[in-house]
Undergrad: 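Okay, here's the structure, questions in a sec.
Residue numbers count from 1 along this sequence.
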Amino acid sequence: MKGILLPSLIVTLLLLLFGGTTTAATATETIDYAKQDEAVEDLVEWTIEKGGYFHPNVEIRRWDASDPTSYFGAFLNGSVKKDELLITIPGGIKIQLHDDYRTNSTYDDVICVLAWELQDEYKDYIEGEDGESDFEPYLYYLDQQSEHQIPAMWSEEGKKLLEKVQGKYYPRDFEADPAPGSHLHDWIQQKYGWCLEWEGEELDEWFLAVVLQRGYDYALIPIYDMLNHNNGDVNTITKPTIFDKNSFGVYALRDMKAGEELLYSYYDCPDCRKCRACEEYPGTPQCKQCESTLTYWGTSEMLRDFGFVEPYPHRYYFWNPIDEKTMLSQGIIVDKDEENGSYAITCFDGRCPSYELIEPLAKNLEPMFESDILPLKDTLPPLEYFTIQRYHETLLNDFQEFLKAVKAANEDDSKKEL
Ligand SMILES: *[C@@H]1O[C@H](CO)[C@@H](O)[C@H](O)[C@H]1NC(C)=O
Ligand SMILES: *[C@@H]1O[C@H](CO)[C@@H](O)[C@H](O)[C@H]1NC(C)=O
Ligand SMILES: *[C@@H]1O[C@H](CO)[C@@H](O)[C@H](O)[C@H]1NC(C)=O
C-alpha cells in the first residue's frame, strides 16, 4: 500500500493459528492484451464522464505502443510547464473508506476492510447482486490484470526460489520468521490470517494482494494507481491529499518534455524526505514513530508490495541485533550513474552495516544463478523467473559494490564515511 500512511510497527504473529490457506498460483494463466487495452480505454472514458480531466498532452498508454505486452503508464506527447494541471481524478471513482478510519483504525485494519469492500464490489459486478457495481470499469480493468503480480500470489516454486535468494538478510518486522526470507511472499498468512474469514464468509487473498499493491492509504484510486514509481529527481507529479473524498489534481513538479512519463515515489525514500514531527518536536514519540517508518520500504519491500525491482537508487535495510529498540539501524543506498556506469554508495543516516555482515550474503548469492535459478527457467511462470533473476542479479551486484566501496574507503582515509 503506497502513500504516507505510517504502518503499524507492532507485528502480530498469527501465523501459527492461521497457517493453512495458501492459494497456489497456476502457471497457466493467459492474459488477453487486447482486453487490457479496451479496459484502459473504458477507464479513461469513465473517468472523464465522472468529471475527471486529462491535459491534452497526457496519454494513458503502454510504455511501448508497438509492444502489446509492455506496461501501462501516463506519458506526455507534448511539453507541459511546472505546476500545470495534468490529471484530475474525480472523487466518485475512488473506492474509499470512511474518514473515521483515519483516527480509529490501524494500518492493518484499513487494508483488511478495504479488501472486503473490494470483494463486495466485485461480487456485485460478477453476480449482479444488489444491482451492478458503480465501479464496473475499474473492476473490469482489475479483472484483466495478472493475478500473480506480487510474490504473495506467486507459484509455490517461485516463492521457494525467492526465499532462497533473499536468504537471511533483512528479517525486520518478522523476527519470528518461520523461514528466512518468507516475509517477502507469506505476509498474507503471516499478517492477515485473521482477516480472511468474517462471520462465515471468506475473503479471497487476491483482494488483499490488490489492496496492498494498488491501494493508496484509505482508497483504491483508478487511473492514479496506474502511474508508475521512481525516486529522486525524476519525480514529476505531486501527491494528493489522501483523506479527501473529493476530486484531486495531479500537477507537474517541473517543466517536462514530450515522451516523459508521469512518475512519483510510492514510498518517499527516506533520504528524500524528513520527518516534520522531528523538526518541530524532536525526541517525541511521534518523531520516533516517523523515523522508524522512514525505512519501511526499500528495494526488497518494493518487490514484496509491487512485484518489481525498482530502478536505481536502491536501498537495503538491515536489522542490527545489538540495538533491539531501533527497528532499523543500518541501511545501504546504492546509486548508479546510468551515463558512465559508476556507482555511489552511501549509508542511511551514516549507519553502515559491517563488511562482515554483507560479505557472506554476497558469497551465498554468487553461485545461485547457475545452481538454482537457471534450472527453473522453463518451469517457472515467465514473470516470476524474470523477476527473481533480476532481483538476484541486483542484490549480488549491489552487495559487491558495497564491499568494493568499503575496501576502497579503508585504503583511502579521505573517504572515511564508509
Ligand atoms: C496526445 O494524446 C492525447 C490523448 O491520447 C490526444 O488526444 C492528442 O491528440 C495527442 N496529441 C498529439 C500532438 O499527438
Ligand atoms: C472514533 O473514535 C472517536 C474517539 O474515540 C469516537 O468519538 C468516534 O465515535 C469513533 N468513530 C467510530 C466510527 O467508531
Ligand atoms: C560518473 O558521473 C558522476 C556524476 O556526474 C560523477 O560523480 C562520477 O565521478 C563519474 N564517474 C566516473 C568514473 O567518471
Undergrad: Check for a donor-acceptor pair, side chain of Ser70 on one end and backbone N or O of Arg62 on the other, with a separation under 3.5 Å.
TA: no
Undergrad: Specify whether Tyr266 and Phe308 have parallel, tilted or perpendicular ring planes, treating 30° as the upper limit for parallel and 60° as the lower limit for perpendicular.
TA: perpendicular
Undergrad: Let me confirm one number: the CG-CG distance from Leu86 to Leu227, rounded to the nearest 0.5 Å.
TA: 9.5 Å
Undergrad: Please round to the nearest 0.5 Å and tell me the distance separating atom CD of Gln149 and atom CD of Gln213.
TA: 4.5 Å
Undergrad: Any donor and acceptor pair, going by atom type alone, linking the side chain of Glu84 with main-chain N or O of Lys81 inside 3.5 Å?
TA: yes
Undergrad: With distance as the sole test, does Asn57 use its side chain to make a donor-acceptor pair with the main-chain N or O of Leu76 at under 3.5 Å?
TA: no
Undergrad: Are the aromatic ring centres of Phe399 and Phe402 under 6.0 angstrom apart?
TA: no
Undergrad: Looking at Ile89 and Pro222, what are the two nearest heavy atoms and their distance?
TA: CD1-O, 3.8 Å
Undergrad: Give the C-alpha distance, both sets of side-chain angles, the deciding distance and a yes or no for ring pair (Phe, Tyr, Trp, His ring centres under 6.0 Å) between Phe207 and Tyr122.
TA: CA-CA 9 Å; Phe207 296 103; Tyr122 191 80; 5.4 Å; yes
Undergrad: In Å and rounded to the nearest 0.5 Å, what is the CD1 to CE distance from Ile373 to Met368?
TA: 7.0 Å
Undergrad: Quick one: does any side-chain atom of Glu29 pair with a main-chain N or O of Glu147 as donor and acceptor, under 3.5 Å?
TA: yes
Undergrad: Keeping Arg254 on the side-chain end and Lys82 on the backbone end, is there a donor-acceptor pair under 3.5 Å?
TA: no
Undergrad: Return the orientation label for the Trp194 and Tyr192 ring planes: parallel under 30°, perpendicular over 60°, tilted otherwise.
TA: tilted
Undergrad: Kindly compute the distance separating CG (Leu380) from CD1 (Ile388), expressed to the nearest 0.5 Å.
TA: 5.5 Å
Undergrad: Give a yes or no on whether the backbone of Ile188 and the side-chain of Glu205 come within a donor-acceptor separation of less than 3.5 Å.
TA: no
Undergrad: Give the minimum heavy-atom separation between Arg304 and Trp297, together with the two atoms involved.
TA: NH2-NE1, 4.0 Å
Undergrad: Verify the neighbour count for atom CD of Glu41: are there more than 12 heavy atoms of other residues, nucleotides or ligands below 6.0 Å?
TA: no
Undergrad: Report the residues that fulfil ring pair (Phe, Tyr, Trp, His ring centres under 6.0 Å) with His314, sequence neighbours left out, ordered by chain and then residue number.
TA: Tyr312
Undergrad: For a side-chain hydrogen bond (donor to acceptor under 3.5 Å, both in side chains) check, start with the C-alpha distance between Glu384 and His148, then their side-chain angles and the critical distance, and finish with the verdict.
TA: CA-CA 9 Å; Glu384 295 177 23; His148 313 308; 5.7 Å; no
Undergrad: Can the ring centroids of Tyr224 and Phe248 be said to lie less than 6.0 angstrom from one another?
TA: yes
Undergrad: Give a yes/no verdict on a cation-pi contact between Arg61 and Phe75, requiring under 6.0 Å between NZ or CZ and the six-membered ring centre and an angle within 45° of the axis.
TA: yes
Undergrad: So, Tyr355 versus Asn410: side-chain donor-acceptor pair below 3.5 Å or not?
TA: no
Undergrad: Once rounded to the nearest 0.5 Å, what's the spacing between atom CG of Asp83 and atom CG of Leu253?
TA: 8.0 Å
Undergrad: Say you draw a straight line from CD1 of Ile221 to OH of Tyr216; how long is it, rounded to the nearest 0.5 Å?
TA: 7.0 Å
Undergrad: Under the side chain to side chain donor-acceptor pair (under 3.5 Å) test against Glu310, which residue among Thr299, Thr394, Asn230 passes?
TA: Thr299
